[in-house]
K.L.:
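My questions all concern the structure below.
Given the structure is predicted, the values throughout are model-derived calculations rather than measurements. Per chain, numbering begins at 1; letters A, B, ... match sequence-line order.
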Amino acid sequence: MKKILAGFISILLVCTSIAGCSSSNKASKEINEPSAKEQKLTYVSMTDAVGTSPILTNDSASSNVIRGIYETLFMKDPKTGEIKPLLADSYENPDDNTWIIKLKKNIKFQDGTPFNSEAVKYTFEKIMDPKTASPRASLLKSVDKIETPDDYTVILHTKEPYGIMLTALAHDNLSIVSPKADKAGDINKNAKGAGTGPYVFSEWVPGDHLTLVKNPDYWNGAPKIESITFKVVPEMSTAVSMLESGEADFLNAIPPEHIERLKDNKDISVTLIKGNPTFYVGFNFEKKPFDNLKVRQAISYAINKDSYISTLNGLGYKSNGIIGPKLIGYDAEIEKHGYDYDIAKAKQTLAEAGYPNGFKTTLTVANTDAYMKIAPFVQAQLKEIGITVDLNVLDWASYIAYSKAGKQDIYLGGWANATGDGEELLYPQFYSKSIGASNYSRYNKPDMDALILKCRTTVDQNERLKNLRQANIALTDDVAWIPLYDSNVTLAVRKNVKGIVFEPNNEFRLNNAYKE
Amino acid sequence: MFNYIIKRLLQLIPVLFGVSVIVFLMIYLIPGDAAEIIGGPTATAEEVENIRVKLGLDRPMYEQYIKYISGVLRGELGYSFQTGQSVSEAIKIRYGNTFSLAVFSAIIAAIIGVGAGVIAAVKQNSWFDYLSMSVATFGISAPTFWIGLLLIVVFCVKLKWLPISGFSSQFWTKDGLTHMILPSITLGFSSAAMIARMTRSSILEIIHQDYVETARAKGLSERVVILKHALKNALIPVITVIGVNFGGLLGGAVVVESVFAINGIGRLMVQSINARDFPMVQGTVLVVATTFVIINLLTDIIYAVIDPRISYK
């Protein structure tokens, strides 16, 4: 019997040791590897796109596809973060409520129709129409009227000054669609010919894959890549294996536990850049004792952010500010603010707040990987100062509903900023009118409302930056939330793939990608 | 028999109606709705409300259900809240994948399970008996996703013998077959283990009975005794296990579908629940429930075919 068991265990060990062996078996038949020179890219995504229309979607999987098919009037420079014209040629502000945008000429949609001011007007008016129910209609909420004096001029009149107009116009969801394609069919399912971008929609098998092919007539130079397949692989371990075996060419948003495995692979290069997605502990300001600044300070003092970041395999970095280093509006001065780990101060501040023996509370968490790792850490840290934390773990949809309704005490939140502008964080998170929507903290302070509105409406960009910095300091001092860490975003690519541009918000551009 | 089948099929109607009401209530009673998910965390209250109105989620609950069920009665499963795709179309794309995966896994499980079980019983207390029953215990207890990931790393990443993703239900082509091997083994492994244990104990119970001894005394070869006399009678409980397991394979396929990136109905169901995509959840649950009931019916029919003592009136 013992021999039999030993035999069985040996077989298992052989299997696991082959699995753990790092050298590849060259003698074996390599059926997975496509020919290196074939200009075809496969990207693996955890989730499928919701749709292919920028007007009707608001998720990152759809945005990755949309960025290939369509283009915006302006774009954020991936390196500097500066907003520069893309389909637009130039702009001017004769006054704070008027944006005159000149468009580039001789650009055609993939369906052959010309890109002109009518297309811009059509797209924006469709987004603004409540019947369309566009999830990002708020980007154009300030726009009152759109005029098109000629084919290449668009005038946007706003109800009030809208300082972040250019940032909004660089948002993927304000990509311009071909009116002809949009009227002819449902571009949310089949976007053939609907954009001006470097790639054309080819095929979509929902739940499985979506394919784009090269636009040979692309106005800014046809791409070298013939086709890109967005393959849906919900399991990260499988996605990593596909990259290792050559079935996939690149993937992003890699969790810490897979980083070392990929770095050790000689065929794969891992890029790690400082990103803007941030994770934080939030408070419900409408519930006691979290309306008390000293309680919030004590909780911040009690959490050792450095210690948690050290467990992330280099995927996180620390910043004290609510507006982090990779967002417009950040200034290094903020690092002098905030309340760093100091357990003695935490206990003392909690006692000063009137809770020398701590209290009991609930931490609401969504059941995604990142939050599930943070939650027990925060729970254990707060126990040190006498705060007993019960975890309330919810699935994503329930978490959103629960938090919007303000039922939580404290909660774990995350924020990825698509535009890279600090204002896109302040207005949704801390403006009083966002309560019931994305202001889960139910933060409602008239002074801060006024400052946030200034950040939104000031057209003079230098002035606006000053306001953003001031707001960042005020919110950080007030412990509006406790920044735990900002994420380093990751991209793993097979080494024969070059030219992918990767951005701090985890997005990528494939215009100049190619295979060696 | 014919009347029995018709009766069982008619029983499907209240079963499916009950399932649809329960699923509807469950989806509506848990917090969060499709509009919140589509809007995402950045959506304003106004944006979410516009989406809600567009999807009809602002209407009273009973009205939404009546609208849905009247559509179903006309043979229309509706459209996904999230993607706008036709539910029947979405199910059509995925059902073949899950079903062929489950069938293939069941075949593998049955062949390996019955084969190992018979040999283990006949050669009781031999090394084969110990080894196969140890593997079976391991198969029942090892998590499916772990086996799947282990097989991927060994056969796809290191040895590069088989592909990881790209599953299609075209198992009659060489390409389709290579894509089906690992997912089917992964899914069928625990099922095979259960069948092996059941077959072994069932045969052990029978081979010492008088009629088997009689068969031996008649001078029949051991092969005929085991295969014709013992196995046939031992198969009834085994078929129950295979039938019930097949339903489990359909449901359990969601893990294997995720690990091998198979575009199947289990994954669609989980995604739809997470997105509160009510029409899609209803559609997938109805299809899986129908399949489950039909498989149970087929299992009952097979009983009668194998054992003439069983008849349905």
K.L.:
Just by distance, no angles: are the side chains of A:E247 and A:T42 close enough, under 3.5 Å, to form a donor-acceptor pair?
P.N.:
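Absent: no donor and acceptor within the cut-off.
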K.L.:
Under 6.0 Å from the NZ atom of A:K189, do we count more than 12 heavy atoms belonging to anything else shown?
P.N.:
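Yes, NZ of A:K189 has more than 12 neighbouring heavy atoms, counting only those of other groups under 6.0 Å.
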K.L.:
Look only at the side chain of A:R442 and the backbone of A:K404, and say whether a donor-acceptor pair between them is shorter than 3.5 Å.
P.N.:
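Such a contact is found between A:R442 side chain and A:K404 backbone.
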K.L.:
Between B:S258, B:G39, B:S80, which residue shows the highest count of heavy-atom pairs closer than 4.5 Å to chain A?
P.N.:
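With the most close heavy-atom pairs to chain A, the winner is B:S258.
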K.L.:
Can you confirm if the aromatic rings of A:W396 and A:Y399 lie within a centre distance of less than 6.0 Å?
P.N.:
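Close enough - the centres of the two rings lie under 6.0 Å apart.
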K.L.:
Please check if any side-chain donor atom of A:Y427 sits under 3.5 Å from a side-chain acceptor atom of A:S438, or the reverse.
P.N.:
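Looking only at side-chain atoms, A:S438 and A:Y427 do not form any donor-acceptor pair under 3.5 Å.
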K.L.:
If you tally heavy-atom pairs under 4.5 Å against chain B, which of A:G51, A:P206, A:A137 wins?
P.N.:
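Maximum pair count with chain B is reached by A:P206.
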K.L.:
Return the option, out of A:E235, A:K433, A:M236, A:R136, with the maximum number of heavy-atom pairs under 4.5 Å with chain B.
P.N.:
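Going by pairs under 4.5 Å, I would pick A:R136.
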K.L.:
For A:P130, is it the side chain, the backbone, both or neither that has a heavy atom under 4.5 Å from a heavy atom of chain B?
P.N.:
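A:P130 touches chain B through backbone and side-chain heavy atoms alike.
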K.L.:
Between A:T57 and chain B, which part of the residue has a heavy atom less than 4.5 Å away: side chain, backbone, both or neither?
P.N.:
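No part of it gets close to chain B.
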K.L.:
Check whether B:V259 gets within reach of chain A through its side chain, its backbone, both or neither, counting any heavy atom under 4.5 Å.
P.N.:
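Both backbone and side chain.
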K.L.:
Checking A:S434 against chain B: side chain, backbone, both or neither under 4.5 Å from a heavy atom?
P.N.:
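No part of it gets close to chain B.
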K.L.:
Tell me, for B:I152 versus chain A, whether the close heavy atoms (under 4.5 Å) come from the side chain, the backbone, both or neither.
P.N.:
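It is the side chain, since no backbone atom gets that close.
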K.L.:
Of the backbone (N, CA, C, O) and the side chain (C-beta and beyond), which part of A:D59 lies under 4.5 Å from a heavy atom of chain B, both, or neither?
P.N.:
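Neither part, no heavy atoms under 4.5 Å.
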K.L.:
Within the supplied structure, the quantity of interest is the number of heavy atoms (other residues, nucleotides, ligands) at a distance under 6.0 Å from B:K54 NZ; does it exceed 12?
P.N.:
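Above 12, so yes.
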K.L.:
Report which part of A:S403 has an atom under 4.5 Å of a heavy atom belonging to chain B: side chain, backbone, both, or neither.
P.N.:
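Neither part.
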K.L.:
Side chains of A:S441 and A:Y411: any donor to acceptor distance under 3.5 Å?
P.N.:
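Yes, because at least one side-chain N or O of A:Y411 sits under 3.5 Å from a partner of the opposite role on A:S441.
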K.L.:
Does atom OH of B:Y95 have more than 12 heavy-atom neighbours from other groups under 6.0 Å away?
P.N.:
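Yes, because the 6.0 Å sphere around OH of B:Y95 holds more than 12 heavy atoms from other groups.
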K.L.:
Hey, does the side chain of B:R52 reach the backbone of B:E47 with a donor-acceptor pair shorter than 3.5 angstrom?
P.N.:
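Between the backbone of B:E47 and the side chain of B:R52 there is no qualifying donor-acceptor contact (under 3.5 Å).
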K.L.:
Output the option from B:E46, B:Q271, B:Q85, B:R267 having the highest count of non-hydrogen pairs under 4.5 Å with chain A.
P.N.:
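Heavy-atom pair counts peak at B:R267.
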K.L.:
Which one, A:A437, A:P234, A:A49, leads in non-hydrogen pairs under 4.5 Å with chain B?
P.N.:
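Top option by heavy-atom pairs under 4.5 Å: A:P234.
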K.L.:
Just give me the residue among A:D395, A:V233, A:T47, A:L56 that pairs up with chain B most often, heavy atom to heavy atom, under 4.5 Å.
P.N.:
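Going by pairs under 4.5 Å, I would pick A:D395.
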K.L.:
Looking at A:S237, A:G436, A:P428, A:S62, which makes the most heavy-atom pairs under 4.5 Å with chain B?
P.N.:
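Greatest number of close heavy-atom pairs with chain B: A:S237.
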K.L.:
Below 4.5 Å from any heavy atom of chain B, which atoms of A:Y440 appear? Answer side chain, backbone, both or neither.
P.N.:
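A:Y440 touches chain B through side-chain heavy atoms alone.
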K.L.:
Do A:F430 and A:W481 make the cut of ring centroids closer than 6.0 angstrom?
P.N.:
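Yes.
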